[in-house]
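This is a predicted model, so every value here is computed, not measured.
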Amino acid sequence: MCGIVGYVGHRDSVPIILDSLRRLEYRGYDSAGIAVIDGAGTLAGSKAEGKLVRLAERLGMQPLHGSIGLGHTRWATHGRPSDQNAHPHLDCSGTFAVIHNGIIENYAALRERLRAAGHVFASETDTEVLAHLVEENHTGDLEDAVRKTLREVRGAFALGVISAREPERLVFARSGASPLVVGIGDGEMFIASDTPAILQYTRKQVILREGEMVVVDRAGYRLTDFDGKPLEREITQVMWDASSAEKDGFKHFMLKEMFVQPSVVKETLAGRIDESGDSQLAAELHIDEYMLRAITKISITGCGTAFHAGMVGMFLLRSLCKLPVEMELASEFRYGDRVLDTRTLTIAMSQSGETADTVEAVKIAKASEAPVLGICNVLGSHLTRMADGILYTRGGPEIGVAATKTYVSQAVAMVLFALYLSRVRLRMHDVPIQRLREIARNTKLLPEAIDLCLNASDEIRKVARKLRKAKSALFVGRYVNFPTALEGALKLKEISYIHAEGYAAGEMKHGPIALLDSRVPVIAIATDGRVREKMLSNIAEAKAREAITIVVANHGDHEAAALADHVFWVPKVDELLSPIVNIVPLQLLAYHIADIDGKDVDQPRNLAKTVTVE
């Protein structure tokens with residue numbers, strides 16, 4: 001979602017803010033702006049619709065300078081993308097400027113009240129009410145004015161405020177799933193929506209939690225709750241370096257993130273399977289094994305790619321633990337009539353740990369006293385603080401909006417948890433320990449198998465050239481590779497803007513087959529396993545309708561090759577692990593189609609990396 005950056009120190013804030021905003025571009029945005037206190041003590045700013053380069057061009061023609069400032073990239077919610085609606089937003093006097101990520105739910109009522117009091121609005125946004133409220137509430141102290149403003153607004157948001165009346169400090173606040181990180185420098189302070197934005201300046205950081213405010217100046221920071229109660233927080237030392245968020249010679253971040261998947265799998269597995277082949281997670285999860293033996297049902301929730309990785313976990317848990325497992329999109333989990341109790345384990349999946357719908361779903365589970373396991377990539381995120389236990393995916397920063405290594409690392413985490421839970425509940429099902437250890441040993445084959453898939457990138461690009469003009473595509477799979485079809489379709493539509501649907505292959509005759517002709521390619525996952533022969537029949541049905549068929553198959557499968565116009569060969573692994581390998585050629589296919597067509601692969605239109613609003 002929107003990117004927030006702030007700086008106060010001894011340097012010119014403008015180049016630092018612009019550089020940090022560039023490092024947040026992966027989050028998605030449609031306009032950008034900046035506000036500083038200049039040498040004359042005046043609040044000055046500039047903003048522009050479109051990419052950050054447009055703002056930089058304007059600043060080149062009309063330079064700004066100041067040692068304290070705010071910057072913002074906007075992802076439109078209220079009001080179309082425009083210069084007028086870009087942040088920062090000012091009050092009537094031009095004394096206060098506000099930047100904001102999230103939604104003010106009661107903005108309409110506040111706007112009418114403020115208008116009646118004489119305030120004049122210059123934008124269509126919900127954000128602007130914040131600037132006018134700060135103006136109305138200010139009686140000499142900026143922090144107090146922001147605190148009073150927070151009591152009047154409802155919603156999930158993060159905000160930053162700068163004032164010409166107090167030109168030495170910035171105030172930030174967080175309510176809900178809108179992350180903020182405070183970076184601690186030497187005589188300077190940095191604030192951002194995400195660590196990569198400021199990592200080139202400092203590795204020392206403090207993460208704001210929900211319901212917290214921070215005031216920063218050159219000397220440091222002061223953390224409080226919304227009522228003003230002082231808070232203490234341990235400073236975190238970020239262990240990964242800024243180069244992790246660079247392209248390292250790859251054309252796009254997405255391409256780099258696909259090619260590091262073998263090492264991501266190794267890292268996710270490291271130290272979690274012992275020499276006997278048993279998954280060892282007890283010390284890490286902090287969930288009592290007695291409670292795990294007592295559960296009678298599992299409920300998995302997430303959004304987008306995380307939901308698909310959770311679905312892989314659903315099949316694993318059903319197969320290895322013999323428990324009923326239900327899937328629910330987090331956005332539906334919030335509003336459906338969930339049946340949860342103390343014996344239902346809720347597994348919440350989120351790369352960032354800040355996904356608004358997933359965080360709200362966890363709140364509902366917690367209110368039902370259901371134990372919650374979070375599967376997440378970000379230390380200290382909202383999800384990690386709420387969940388009873390956490391399994392970190394160790395994927396490192398992911399910059400490309402379309403998740404790739406996130407999916408693979410989350411699926412591997414689900415493998416580890418399914419193996420662990422099955423062993424904890426060994427006397428409660430008929431899955432032999434030897435089977436669990438066989439799968440655990442086979443996980444060691446995954447990095448090399450993924451690497452072999454990546455080596456076929458050039459061949460997949462040739463197929464991409466032939467498919468890039470398609471208006472629609474159908475991805476089909478069965479059993480544990482049904483999620484592979486869903487995720488493959490999601491990747492294609494996200495970055496190439498080609499309409500694509502993922503379907504359980506057995507459902508083809510119940511509707512989608514009506515779409516098939518020579519203009520609609522069918523991408524089928526037909527690797528070895530219990531449903532391979534059924535998949536071959538489904539491919540033959542598509543072929544009979546003159547559809548171009550692209551088949552993901554194991555090396556040497558001549559029957560699959562005979563039905564395919566194109567084959568994406570993949571190494572054979574255990575069927576329950578196959579989604580982790582089979583997704584790789586589909587990621588590459590989507591990437592190459594988008595790249596050949598000149599699409600913005602890393603920042604596809606209308607999408608944001610972390611969805612922190614409903």
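Heavy-atom minimum distance, Gly94 versus Leu43: O-CD2, 3.5 Å. The two residues Leu90 and Ala97 have their closest heavy-atom pair at CD2-CB, 3.5 Å. Contact detail for Ile99 and Gly71: the closest heavy-atom pair is CD1-O, 3.4 Å.
Below 30°, between 30° and 60°, or above 60°: for Phe190 and Tyr7 the angle between ring planes is between 30° and 60°, a tilted geometry. Taking the six-membered ring for Trp and thresholds of 30 and 60 degrees, Phe96 and His138 have ring planes inclined between 30 and 60 degrees apart. Note on ring orientation: taking the six-membered ring where Trp is involved, the planes of His72 and His87 are parallel (angle under 30°, cut-offs 30° and 60°).
There is a side-chain donor-acceptor pair under 3.5 Å between Thr305 and Lys491. Remark: the Thr404 side chain and the Gln587 side chain contain no N/O donor-acceptor pair separated by less than 3.5 Å. Of the N and O atoms on the side chains of Asp597 and Tyr497, not one donor lies less than 3.5 Å from an acceptor on the other residue. Between the side chains of Thr393 and Asn377, at least one donor N or O sits under 3.5 Å from an acceptor N or O. In this model, a donor atom of one side chain and an acceptor atom of the other lie less than 3.5 Å apart for Ser457 and His592. When only modelled atom types and interatomic distance are considered, Thr195 and Gln205 share a side-chain donor-acceptor pair under 3.5 Å.
Under a cut-off of 6.0 angstrom, the local environment of NZ in Lys204 is sparse, with at most 12 non-hydrogen atoms contributed by other residues, nucleotides or ligands. The neighbour count for Lys266 NZ, taken as heavy atoms of other residues, nucleotides or ligands under 6.0 Å away, does not exceed 12. Crowding of Gln237 atom CD: a count of heavy atoms from other residues, nucleotides or ligands under 6.0 Å exceeding 12.
Val36 is not listed as a side-chain neighbour of His65, based on a closest heavy-atom distance of 4.5 Å or more. Looking at heavy atoms from C-beta onward, Val146 lies out of side-chain contact with Asp144 at the 4.5 angstrom threshold. In this structure the side chain of Ile184 reaches within 4.5 angstrom of the side chain of Met189, judged on heavy atoms. Side chains of Arg23 and Leu199 form no contact here, defined as non-hydrogen atoms less than 4.5 Å apart. A heavy-atom distance below 4.5 Å is found between the side chains of Glu112 and Arg115. Using a 4.5 Å heavy-atom cutoff, the side chains of Val182 and Leu208 are in contact.
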Assess whether side chain to side chain contact (heavy atoms under 4.5 Å, CB included) is satisfied between Arg334 and Ile364, documenting all intermediate values. CA-CA 7 Å; Arg334 295 178 65 175; Ile364 291 167; 4.2 Å; yes
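Classification of Arg54 and Glu57 as a salt-bridged pair fails, no side-chain N sitting under 4.0 Å from a carboxylate O. Between Arg111 and Asp126 there is no salt bridge, since none of the side-chain N atoms of the basic residue sits less than 4.0 Å from a carboxylate O of the acidic one. Electrostatic pairing of Arg169 and Asp141 counts as a salt bridge here, judged by a charged N lying under 4.0 Å from a carboxylate O. Under 4.0 Å is where a charged nitrogen must lie from a carboxylate oxygen, and between Glu267 and Lys405 no such pair does. Residues Arg385 and Glu212 are not paired through a salt bridge, judged by the lack of any N-O separation under 4.0 Å between the basic side chain and the carboxylate. Taking 4.0 Å as the cut-off between side-chain N and carboxylate O, Arg147 and Glu143 count as a salt-bridged pair.
At least one donor-acceptor pair closer than 3.5 Å links the side chain of Glu354 to the backbone N or O of His382. Between the side chain of Thr42 and the backbone N or O of Ala44, no donor-acceptor pair lies under 3.5 Å. Side chain of Asp602 to main chain of Gly400: no donor-acceptor pair is present (N/O by atom type, distance under 3.5 Å, no hydrogens or angles). Side chain of Glu257 to backbone of Ile399: a donor-acceptor contact under 3.5 angstrom is found.
Atom CG of residue Leu490 and atom CD1 of residue Ile495 lie 10.0 Å apart, to the nearest 0.5 angstrom. Distance check: Asp595 CG to Lys251 NZ gives 3.5 Å after rounding to the nearest 0.5 Å.
His308 and Tyr407 have their aromatic ring centers separated by at least 6.0 angstrom.
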